[in-house]
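Shown next, in structure tokens, is the structure this report addresses.
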4 protein chains.
Amino acid sequence: MAGVNKVILIGNLGADPEVRYMPSGDAVANVRIATSDTWKDKNTGERQERTEWHNVVFFGKVAEIVKQYVHKGSKIYVEGKLRTRKWQGQDGQDRYTTEVVVDMNGTMQMLDSRSGGGVGSSVPFDDAPAYQSSRGGGRPQSSSPAPSSVGSSQGAADFDDDIPF
Amino acid sequence: MAGVNKVILIGNLGADPEVRYMPSGDAVANVRIATSDTWKDKNTGERQERTEWHNVVFFGKVAEIVKQYVHKGSKIYVEGKLRTRKWQGQDGQDRYTTEVVVDMNGTMQMLDSRSGGGVGSSVPFDDAPAYQSSRGGGRPQSSSPAPSSVGSSQGAADFDDDIPF
Amino acid sequence: MAGVNKVILIGNLGADPEVRYMPSGDAVANVRIATSDTWKDKNTGERQERTEWHNVVFFGKVAEIVKQYVHKGSKIYVEGKLRTRKWQGQDGQDRYTTEVVVDMNGTMQMLDSRSGGGVGSSVPFDDAPAYQSSRGGGRPQSSSPAPSSVGSSQGAADFDDDIPF
Amino acid sequence: MAGVNKVILIGNLGADPEVRYMPSGDAVANVRIATSDTWKDKNTGERQERTEWHNVVFFGKVAEIVKQYVHKGSKIYVEGKLRTRKWQGQDGQDRYTTEVVVDMNGTMQMLDSRSGGGVGSSVPFDDAPAYQSSRGGGRPQSSSPAPSSVGSSQGAADFDDDIPF
DNA sequence: TTTT
DNA sequence: TTTT
């Protein structure tokens with residue numbers, strides 16, 4: 001059947017990313033991103049603003065980048081897809097949470113002028129076992145500069161499969 | 001602050017739209033749209049498919065179009081934005097529902113080859129008081145052909161403010 | 001520096017694809033896609049229509065799919081990027097042509113209801129040496145059904161690297 | 001027939017905008033935006049970069065904003081549509097130029113951290129007769145802060161029709 | 001011609 | 001909870 005399921009966001013992180021690791025060693029990073037709409041009220045003419053908060057989940061390589069270079073307040077561009085997860089509340093009832101998933105088919109870009117420049121630790125990924133995942137077979141590099149873009153989608157540089165990032 | 005909050009979907013309706021009217025007379029149409037991902041399992045090589053269901057809410061003029069020309073099984077293109085609503089469960093606890101909102105800044109296109117052709121009733125909108133909304137001051141026309149596109153966004157024809165559609 | 005360079009089109013082919021092969025054996029398919037804008041003239045109230053023609057170039061696997069299943073009149077969804085090529089006119093002067101490039105980072109979807117159903121030739125790809133490209137190591141299959149989506153982008157099923165499609 | 005014709009760009013201006021005015025008084029702003037792709041060469045493993053230059057044309061209110069707040073080096077988000085113009089070379093032959101058009105259905109966002117902050121002149125628009133266009137009937141304001149977003153599209157605040165911006 |  |  002196919003179809004298109006695409007989300008594009010530009011906004012700021014409300015807090016630092018929360019990173020965890022899958023049994024496979026792959027990283028998963030969760031962030032909250034705020035976008036805001038502003039408009040003038042038709043009647044009062046006063047400026048209105050509504051902030052929308054989005055749950056965004058990064059998988060794999062892009063999750064590592066998020067972990068290293070993105071933090072509270074960062075402005076980022078995100079391209080992903082919608083996914084609604086079902087889970088059980090404490091009362092046993094079904095609950096649903098909709099997230100924007102950014103995996104190897106998605107994209108992330110840092111939009112802050114000095115996007116992580118100089119942020120690169122001299123021992124990057126030493127606490128990121130996910131790096132030895134099947135997708136990345138490369139070796140960690142030292143003093144790596146912060147990439148400003150990750151992903152396989154249009155308009156964002158791809159990261160090789162055999163190089164850390 | 002601004003930001004970008006955009007969703008693009010192409011999928012099929014799981015059921016006919018549910019339409020209701022605001023006190024103002026504006027129509028609101030809710031639909032469920034399915035998109036599906038297909039891929040081959042890395043290990044087994046078997047084809048996998050995952051269907052994602054999206055709650056989409058149309059407001060105003062585009063809601064009227066959806067009501068008239070879109071139905072169960074219709075394939076449509078939708079451009080809107082994410083919005084998460086908070087509501088109270090019967091147990092008094094907060095629940096959240098994320099929807100794709102398509103308002104005057106969004107777009108809808110019918111993608112079925114014969115997109116509603118001949119569907120135009122000879123007495124269109126006679127049950128759509130919303131039409132006398134502040135946004136549309138025009139008079140209903142008879143035998144109107146089905147538009148295949150509605151909205152103000154790029155790539156989709158705009159509907160005038162003073163003509164039914 | 002990075003950046004985003006993305007084009008999304010839904011339109012119909014003005015003619016059958018023109019396919020050629022690179023020295024590497026990779027296929028390249030060129031098509032012309034028409035999109036149209038309709039609007040009502042502010043003064044006369046008459047419906048206006050403007051058709052825009054786009055040059056779209058497909059590379060690699062997606063080019064093979066286009067060759068096999070897409071033809072004059074087909075309605076497709078395309079996600080790619082802009083690229084302007086410089087070339088020499090017969091007069092020796094520089095000319096520029098802007099195209100929408102759909103490569104392994106782009107996407108293509110067939111939107112016709114019966115998207116190529118039954119189109120699958122019993123000897124697919126027999127004239128498509130490109131198939132033995134570095135990206136695809138698989139073997140052609142017979143009687144393959146038409147895929148309705150190709151590409152690595154969000155919302156479109158990916159085609160494996162080791163299976164024809 | 002309809003269709004979708006959408007372009008999304010994030011990039012930097014190569015030079016200050018060139019602004020001119022239509023007989024109607026409406027402003028038109030032309031800019032060149034660079035986006036760049038980076039990837040690693042499959043063989044040498046060396047990082048490659050390709051810069052793409054886009055001609056972007058802004059119409060109406062957004063053209064005024066561009067004129068006032070965007071300049072050489074600015075990083076912006078743009079949502080528009082493709083349009084190919086035909087023109088005559090000095091040799092009388094037809095030439096074609098493809099541009100990204102951003103009109104009232106498009107969007108522009110400034111992405112530099114301090115997006116025009118303090119840029120607002122105390123006498124904004126005094127050289128912008130276009131402002132008395134039919135779309136904007138408002139009066140120029142003094143000391144207006146720079147908006148970071150303009151347009152009617154999803155995810156970007158709309159500017160009222162009756163207020164300068 | 002921008003930017004990193 | 002971000003940002004302007």
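Chain identifiers are assigned alphabetically (A, B, ...) following the order of the sequence lines, protein sequences preceding nucleic acid strands; residue numbering begins at 1 within each chain.
A/D112 has its CG atom 12 Å from the P atom of E/dT4, to the nearest Å. Taking atom CD of residue D/E49 and atom C1' of nucleotide E/dT2, one finds them 11 Å apart after rounding to whole Å. In this structure, A/N30 places its CG atom 18 Å from P of F/dT2, rounding to the nearest Å. At whole-Å resolution of the value, CG in D/D16 and P in E/dT2 are 11 Å apart. Taking atom OH of A/Y77 as the reference point, atom P of F/dT2 lies 25 Å away to the nearest angstrom. Spacing between atom CZ of A/R50 and atom P of F/dT4 amounts to 21 Å, rounded to whole angstrom units. Computed from coordinates, the A/L13 CG to F/dT3 C1' distance equals 11 Å when rounded to whole Å. When the P atom of E/dT3 is taken as reference, atom CG of D/L9 falls 17 Å away, rounded to whole Å.
With sequence neighbours left out, the side-chain contact (heavy atoms from CB on, under 4.5 Å) criterion links D/A29 to D/V19, D/F58, D/A63, D/V66. With sequence neighbours excluded, no residue forms a side-chain hydrogen bond (donor to acceptor under 3.5 Å, both in side chains) with A/Q90.
A salt bridge is defined here as a Lys NZ or Arg NE, NH1 or NH2 lying under 4.0 Å from an Asp or Glu carboxylate O, and C/E52 with D/K81 fails to meet this definition.
You'll find a donor-acceptor pair under 3.5 Å spanning the side chain of A/T51 and the base of F/dT2, going by distance alone.
Side-chain contact of D/W87 with D/T97: a donor-acceptor pair under 3.5 Å is present, judged by distance alone.
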